[in-house]
Amino acid sequence: MVFLNLLENIRSKTDEILEAKKCEPVKFSVESAKPGFGDITCNVPFLLSKQLKKSPQEISVELSEMYNFDDMPQIKNVESHPSGYLNFSIDYTKFNDFVIRLSLQENYGALEFGNNEKIVVEHTSVNPNKALHVGHIRNIILGDVVSKILKKANYDVKILNYVDDSGLQVADIIVGFTELGFSQESPNNEKFDHYCGDTVYVKTTEKYEFDKELEGKRHEILKQIEDRSSEVSKIAQTITRKVLNEQLKTVWNLGVFYDCLNFESQIIHSKLWETIFEKLKSDNQIKYEDKGDNAGCWVIPADGEDDKILVRSNGVATYIAKDIPYAAWKLGLVEDPFYYKIHSTQKNSQTLYETTLEGDNKLNFSGSKVITVIDNRQIRLQKIVSGLMAKFKEEGAYTHLGYESVTLSADTVKSLGLSVDGESAQMSGRKGLYVNADTVLETLTKRVYDESKSRNENLSESELQNIANIVAVGTIRYEMIKPDLDKIITFDLKNSLRLEGDTCSYIQYSYARASRILEKTDVKPNFDSGFELLSSEYEKNLIKKIGMFDVHVNDSVNNLSPKVIAKYSYELAVTFSSFYEHVKVLASETTELLNARLCLVVSFQKTLKTSLGLLGIDAPERM
RNA sequence: GGACCCGUAGCUCAGCCUGGAUAGAGCGGGUGGCUUCGGACCACCAGGCCAUGGGUUCGAAUCCCAUCGGGCCCUCCA
């Protein structure tokens, strides 16, 4: 810990001073200061004003004289600002060494939050009847980045993907195959998931409009899918597996990997529901209605809102009856009915497991905490589930990480040959109103490839491909992580191709520039020397920014907020770019200064790489 | 009818959780900077009653309430 340490030490010093002054305890803040107000700032004088019956200014002056930094050489002094704040200044002749040395460590920025506690992150969870589109990408990237951040905070993270292979959406494409005679092989080597989503699904659901008999078939088909011995069920198995495998390829291309796949069909067959249903009954969490609108149903009582029906009057469970046992399973509340087998080896060579009902291999993918990443349209359902889970385990063990959806801009809708009223449109699989993830990645990769080629004459084909891939993936990830979870992303194909300004490629470019500096000199950075020579504003700003990495990791873990790391990465890159422009490293006057600056450049690179790594973004040496 | 989310510069957004000093970025507009560690850049200018109205507070973009705009959810569908 670097900057966090300073903040905590100042906080405890302040606490001691308050105790010595016999003040009532107050909840004050110690945080990084805005430029022009020292390096670290504390608002405690404001909060004591009433209690001590003095002005914040007076208190500030008084307190500022009571600090002693003998045991904190990184702090130069504290000043009372006329506004009332206490402003602390860093002694960079000491702080530099501290930051640069620590930033070289492998686990720089790592924090102790989790105690290696097991935590389950579930994300993706897409019906295996279509290709992934940009809306799914937000879910996948958020889930992936949250997992990485939790790992950084020392949680033992297990990543799950729930494969919803038995719903109506799957039934729809099976209707297409069995009733409308769509070929079970995709034409012209088209990616199979694209074929199912773009052609079979759209065409089949289109037909429902005119052919009500066909629409009736989907329920019949759905029933047959759930009967594992039926011919239709076997076809559905084959088809959904094929689609899933294509979806996984897309996901792997984005650098996302899982530990285990859970199939909904197996959860249904596992009798988990029956177990949990009995448990709910015996714990009086649900009630049987014998009169009123819901007569004959089992319902979950919800205060304020309508009760949620769990089992219909005909005895058939509703869809929420799939989510509840799954949630309980993830939390390890029920005996695990599954065995595990290897599904595949992922692109990063990590083994991917899947659940199975036969076999003898037992593994454990449950956690004492669970985070489920699903968009906010499901917030009502998720509230019910987490409410129920809180009855079985402590409050907060089951967390729904929600976010707003991705819509398409009017221009992008137009480019799909469709029209829309207004500025943007919700995506719709049925209407063919979506942009596939593969398409976005391909378009972006091509754009970056061209850009990079025009800037570099002497790069080989494979180097160009590699750069294009790294920058394209980074760009998609960055755009999905950067906005607040509560903000709707309006996806615009053209806009997403931007490579200037606050974009991933800007950040990556700063890394590539740093690489070039190191490449152009024969001097090997020697970290045994002191770094007090780094004293210009640009150098100090960069060191401070590097040192503040842990503050942002801390913030992002505490709030489950991936965007904090995106913002930090950008700020770090901006600070370096300014340094780069104003401090000519290779033109340093003395060898000592040159060495110190080279070390700073290395320190920056390592930190940026680690920070981008949390976002699942690679840093290229050249681009 | 009920629940949740959003509203900050021409546009896209950060800051809001945890109230405090001068409300920050990017794009777009206007200047300036390559005898260059790579211009996917840097430096600067213009552009804001932080949706509106109340309240709490010594102090509100930030907390509370109401209103207005926009979105989204609420079926014995999945």
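The sequence lines fix the lettering, A, B, ..., with proteins before strands; numbering per chain opens at 1.
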OP1 or OP2 of B:C73 under 4.0 Å from side-chain N/O of A:K308: no

May I ask you to test the A:V385-A:T372 pair for a side-chain heavy-atom distance under 4.5 Å? no

Can you tell me if the side-chain N/O atoms of A:K50 get under 4.0 Å from OP1 or OP2 in B:C58? yes

Have a look at A:N294 and say if it touches a base, only the backbone sugar-phosphate, or nothing, with a 4.0 Å heavy-atom cut-off. base

With a distance cut-off below 6.0 Å to the six-membered ring centre and an angular limit of 45° from the axis, does A:K281 pair with A:F277 as a cation-pi contact? yes

Is there a side-chain polar atom (N or O) of A:Q378 under 4.0 Å from OP1 or OP2 of B:C73? no

Give a yes or no on whether the backbone of A:L518 and the side-chain of A:T521 come within a donor-acceptor separation of less than 3.5 Å. no

Side chain of A:S60, backbone of A:Y85: donor and acceptor closer than 3.5 Å? yes

Examine B:C42: is either OP1 or OP2 under 4.0 Å from a nitrogen or oxygen in the side chain of A:Y506? Give yes or no. yes

Counting side-chain heavy atoms from C-beta on, which of B:C72, B:C5, B:G33 comes nearest to A:E581? B:G33

Let's test your reading of the model: under 3.5 Å, does the base of B:C76 pair with the side chain of A:S313 as donor and acceptor? yes

Name the nucleic acid region contacted by A:Q508, choosing base, sugar-phosphate or nothing; use a 4.0 angstrom heavy-atom cut-off, strictly under. nothing

Integer-rounded Å distance: B:C17 P and A:N554 CG: 17 Å

Give a yes/no verdict on base stacking between B:A21 and A:Y85: centres under 5.5 Å, planes within less than 30° of parallel. yes

Taking the six-membered ring of A:F28 (Phe, Tyr or Trp), confirm whether the NZ or CZ of A:R11 is under 6.0 Å from its centre and within 45° of its axis. yes

Does a nitrogen or oxygen in the side chain of A:K487 sit under 4.0 Å from OP1 or OP2 of B:G7? yes

Check every strand shown and say whether A:R513 touches a base, only sugar-phosphate, or nothing at a heavy-atom separation below 4.0 Å. sugar-phosphate

Is it the case that the base of B:A21 and the side chain of A:N87 share a donor-acceptor contact (distance under 3.5 Å, atom types as modelled)? yes

For RNA chain B, whose closest nucleotide is more 5', that of A:Y538 or that of A:K383? A:K383

Which one, B:A43, B:G38, B:G15, comes nearest to the side chain of A:H582? B:A43

Does A:K563 reach a base, just sugar-phosphate, or nothing at all? Heavy atoms under 4.0 Å. sugar-phosphate

Is A:D164 touching bases, backbone alone, or none of the nucleic acid, heavy atoms closer than 4.0 Å? nothing

Ignoring hydrogens and angles, are the base of B:A78 and the side chain of A:S166 linked by a donor-acceptor pair under 3.5 Å? no

When all nucleic acid strands are considered with a 4.0 Å heavy-atom cut-off, which category describes A:V583: base, sugar-phosphate, or nothing? base

Base, sugar-phosphate alone, or nothing: which one does A:I309 contact when heavy atoms must sit under 4.0 Å apart? base

Quick check: on RNA chain B, is the nucleotide nearest A:A587 upstream (toward 5') of the one nearest A:E404, or the reverse? Name the residue that is more 5'. A:E404

For A:I379, is there any backbone N or O sitting under 3.5 Å from a side-chain donor or acceptor partner on A:H400? no

Phosphate-side-chain proximity, A:K567 and B:G24, N/O vs OP1/OP2 below 4.0 Å: no

For the pair made of CZ in A:R377 and P in B:C5, what is the distance, rounded to whole Å? 17 Å

Out of B:C42, B:G20, B:C17, whichever nucleotide has its closest atom nearest the side chain of A:N43: B:G20

How is A:A566 classified with respect to the nucleic acid when contacts are heavy atoms under 4.0 Å: base, sugar-phosphate, or nothing? nothing

Does the side chain of A:S578 get closer than 4.0 angstrom to OP1 or OP2 of B:A43 through an N or O atom? yes

Between A:R312 and B:U75, does any side-chain N or O lie under 4.0 Å from OP1 or OP2? no

Taking any heavy-atom pair under 4.0 Å as a contact, classify A:D293: base, sugar-phosphate, or nothing. base

Counting the atoms with a prime plus P, OP1 and OP2 as sugar-phosphate, which does A:D486 contact under 4.0 Å by heavy atoms, base, sugar-phosphate, or nothing? sugar-phosphate

